[in-house]
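Each chain gets a letter, A, B and so on, in the order the sequences are listed, and its residues count up from 1. As the structure is a computational prediction, the values presented were derived from the model and not from experiment.
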Protein chains: 2
Amino acid sequence: MLDSAEQKIKEAARKILLVKGFDGSRMQEIADEAGVNKAMLNYYFRSKKALFQMVFMEEFGKLFENMITVLLDDCPWEDKIKAFVNTELNHLLQAPQLPLFIINEMSKNPHLMEEKLKSISVGNVFEMAKTKYEKEIQDGKLRNLPFIQFLMNLQSLCIFPILAKPVLMQISKVSDMEYHNLINQRKALVSELLISYMIIK
Amino acid sequence: MLDSAEQKIKEAARKILLVKGFDGSRMQEIADEAGVNKAMLNYYFRSKKALFQMVFMEEFGKLFENMITVLLDDCPWEDKIKAFVNTELNHLLQAPQLPLFIINEMSKNPHLMEEKLKSISVGNVFEMAKTKYEKEIQDGKLRNLPFIQFLMNLQSLCIFPILAKPVLMQISKVSDMEYHNLINQRKALVSELLISYMIIK
DNA sequence: ATTTGGATTAACCATTTGGTTAAACTAAAT
DNA sequence: ATTTAGTTTAACCAAATGGTTAATCCAAAT
């Protein structure tokens with residue numbers, strides 16, 4: 001059932017936890033949002049921690065789907081960068097709370113997602129992408145930059161402006177809509193910056 | 001007095017709040033860390049909120065000192081970028097919890113630092129730096145990129161790898177020391193990336 | 001020696017919070 | 001009609017938490 005109590009709780013928990021985090025969220029608030037009795041949360045999910053971990057795992061998975069898909073695709077790196085930046089920024093514009101949520105909870109408990117990481121075998125994907133990347137370097141098609149640094153650059157330029165939105169909005173005094181436009185502008189700008197630096201012609 | 005109760009509380013509060021945030025911190029824990037009775041926190045700082053705001057304002061100021069100093073300096077932009085990246089990354093390596101703390105609490109309450117921002121007149125500094133920047137563009141010395149986008153790139157590349165350390169460490173499987181080295185490597189890499197893109201020769 | 005005023009403490013309080021439980025409800029199976 | 005098993009609810013509980021207060025301490029001023 002799409003509107004079973006369990007589903008309603010899941011969705012309510014996702015909504016509340018993503019915005020307020022573990023410490024900031026209240027079981028009662030989630031129950032209210034779901035429109036069910038508070039005891040139902042414990043009935044279906046045993047504890048606040050278990051409820052949180054369920055939401056965290058699901059959201060954490062989403063964050064990596066995009067990266068994995070694009071990095072393993074077999075198109076030229078120029079296209080790969082463009083595709084990555086576009087899909088990543090589109091995804092983030094629709095779920096802007098996601099990165100702060102992940103980083104926050106990972107900082108509190110770094111081992112939170114070790115199992116999940118293994119289950120989606122991020123390690124393998126990382127290594128495969130790295131191998132492809134290094135092949136291109138040896139072929140003289142990419143600049144000789146450590147893969148991890150390239151990944152940091154890529155993710156930094158996409159994610160940080162979403163993360164730091166409230167800070168950046170205040171210091172640059174732009175409206176919500178203007179900020180949204182700035183992010184859309186970035187799709188082309190970030191691709192251009194990375195490609196001009198990475199691709200050897 | 002450097003070790004007056006008030007000072008001890010301040011320092012303990014900074015230490016605890018920076019790591020655990022407002023919701024995650026307990027007054028008792030701060031009191032223990034400071035080695036004073038819990039009632040002293042309310043005696044000197046009225047409430048948890050007031051104590052938090054004091055710490056937040058001070059830390060927030062620190063984050064901008066560097067940016068302001070470097071951006072308003074009158075050296076060539078190539079040097080400016082190098083100086084910015086170096087001092088910023090050095091600062092962040094010593095206080096890695098700072099950006100997450102700021103972004104976190106700003107997301108919860110975007111109006112938290114409006115007054116502080118005015119008191120250090122971030123708006124003015126931003127406009128002055130922007131004017132200088134646009135002058136260089138008109139002189140054909142810098143690429144024609146909106147100032148805010150340049151600032152986003154600069155800050156993203158410096159801050160995000162510090163913010164996302166726990167996530168990046170897990171997916172790339174590097175140790176603490178290796179991560180520290182990666183960040184040190186970035187000082188040159190980030191400067192090079194930005195300079196090669198921005199500076200027109 | 002006494003007074004004075006800030007600093008410090010232990011005890012206390014009201015509220016919030018995550019979690020439990022026993023009873024009640026419901027719908028399907030017998 | 002009765003049983004059964006899962007679902008839902010209200011009431012309850014213990015622990016934690018931010019904050020208050022009255023009493024005490026202490027050093028400097030009188």
Side-chain angles (χ1 to χ4, degrees), chain A residues 1-59 97 101 104-109 111-113, chain B residues 1-59 97 101 104-109 111-113:
Chain A
M1 300 295 170
L2 271 177
D3 55 349
S4 70
E6 191 172 349
Q7 270 304 319
K8 284 193 290 185
I9 292 170
K10 246 185 174 179
E11 276 157 41
R14 187 180 347 269
K15 185 172 171 183
I16 305 276
L17 287 170
L18 266 171
V19 174
K20 306 200 171 187
F22 183 83
D23 291 330
S25 299
R26 299 288 156 249
M27 295 292 267
Q28 185 60 60
E29 195 182 357
I30 295 173
D32 292 345
E33 174 75 29
V36 304
N37 187 287
K38 179 168 75 84
M40 299 294 279
L41 309 202
N42 294 296
Y43 178 73
Y44 284 111
F45 298 94
R46 227 187 71 229
S47 68
K48 184 184 184 184
K49 195 173 174 181
L51 180 57
F52 169 81
Q53 291 212 343
M54 196 229 70
V55 170
F56 183 85
M57 289 311 174
E58 288 194 8
E59 296 302 313
Q97 329 90 324
F101 174 72
N104 239 316
E105 306 300 337
M106 282 281 309
S107 298
K108 269 191 234 158
N109 183 2
H111 301 287
L112 204 61
M113 33 59 117
Chain B
M1 299 297 167
L2 272 175
D3 55 348
S4 71
E6 191 172 348
Q7 270 304 318
K8 284 193 290 185
I9 293 170
K10 247 186 172 178
E11 275 157 42
R14 187 181 348 270
K15 184 171 171 183
I16 306 277
L17 287 169
L18 266 171
V19 175
K20 307 201 169 184
F22 183 82
D23 291 330
S25 299
R26 301 286 156 250
M27 294 292 265
Q28 185 61 61
E29 196 182 357
I30 295 174
D32 291 345
E33 174 75 28
V36 303
N37 188 286
K38 180 167 73 82
M40 299 295 279
L41 309 203
N42 294 298
Y43 179 72
Y44 284 112
F45 298 94
R46 227 188 70 230
S47 68
K48 184 184 184 184
K49 195 173 174 183
L51 180 59
F52 169 80
Q53 291 212 344
M54 196 228 71
V55 169
F56 182 85
M57 289 309 173
E58 287 194 9
E59 295 302 312
Q97 329 92 325
F101 175 71
N104 238 316
E105 306 300 337
M106 283 280 311
S107 299
K108 269 191 234 155
N109 182 1
H111 302 288
L112 204 61
M113 33 58 120

What does F45(B) touch in the nucleic acid at a heavy-atom separation under 4.0 angstrom: a base, only the sugar-phosphate, or nothing? nothing

Strictly below 4.0 Å: does [X] bring a side-chain N or O up to OP1 or OP2 of [N]?
X	N	result
N42(A)	dG18(C)	no
Y43(B)	dT8(C)	no
Y44(B)	dT8(C)	yes
R26(B)	dA16(D)	no

Using whole Å, what does the distance between atom [atom2] of nucleotide [N] and atom [atom1] of [X] come to?
X	N	atom1	atom2	result
M40(A)	dT21(C)	CE	C1'	15 Å
K48(A)	dA15(D)	NZ	C1'	14 Å
L41(B)	dA7(C)	CG	P	15 Å
K49(B)	dT17(D)	NZ	C1'	17 Å

Looking at K108(A) and E105(A), is there a salt bridge between them, counting it only when a charged N and a carboxylate O are closer than 4.0 Å? yes

Salt bridge flag under 4.0 Å for residues K20(B) and D23(A):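 No salt bridge links K20(B) with D23(A).
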
Parallel under 30°, tilted from 30 to 60°, perpendicular over 60°: which one fits the rings of F22(B) and F52(B)?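 Geometry flag for F52(B) against F22(B): perpendicular rings.
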
Heavy-atom nearest nucleotide on DNA chain C for A39(A) versus M27(A): which residue maps closer to 5'? M27(A)

May I ask you to decide if S25(A)'s main-chain N or O and K48(A)'s side chain share a donor-acceptor pair within less than 3.5 Å?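 Present.
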
Could you please name the option among dG19(C), dT8(C), dT8(D) that lies closest to any side-chain atom of A5(B)?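 Of all the options, the side chain of A5(B) is nearest to dT8(C).
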
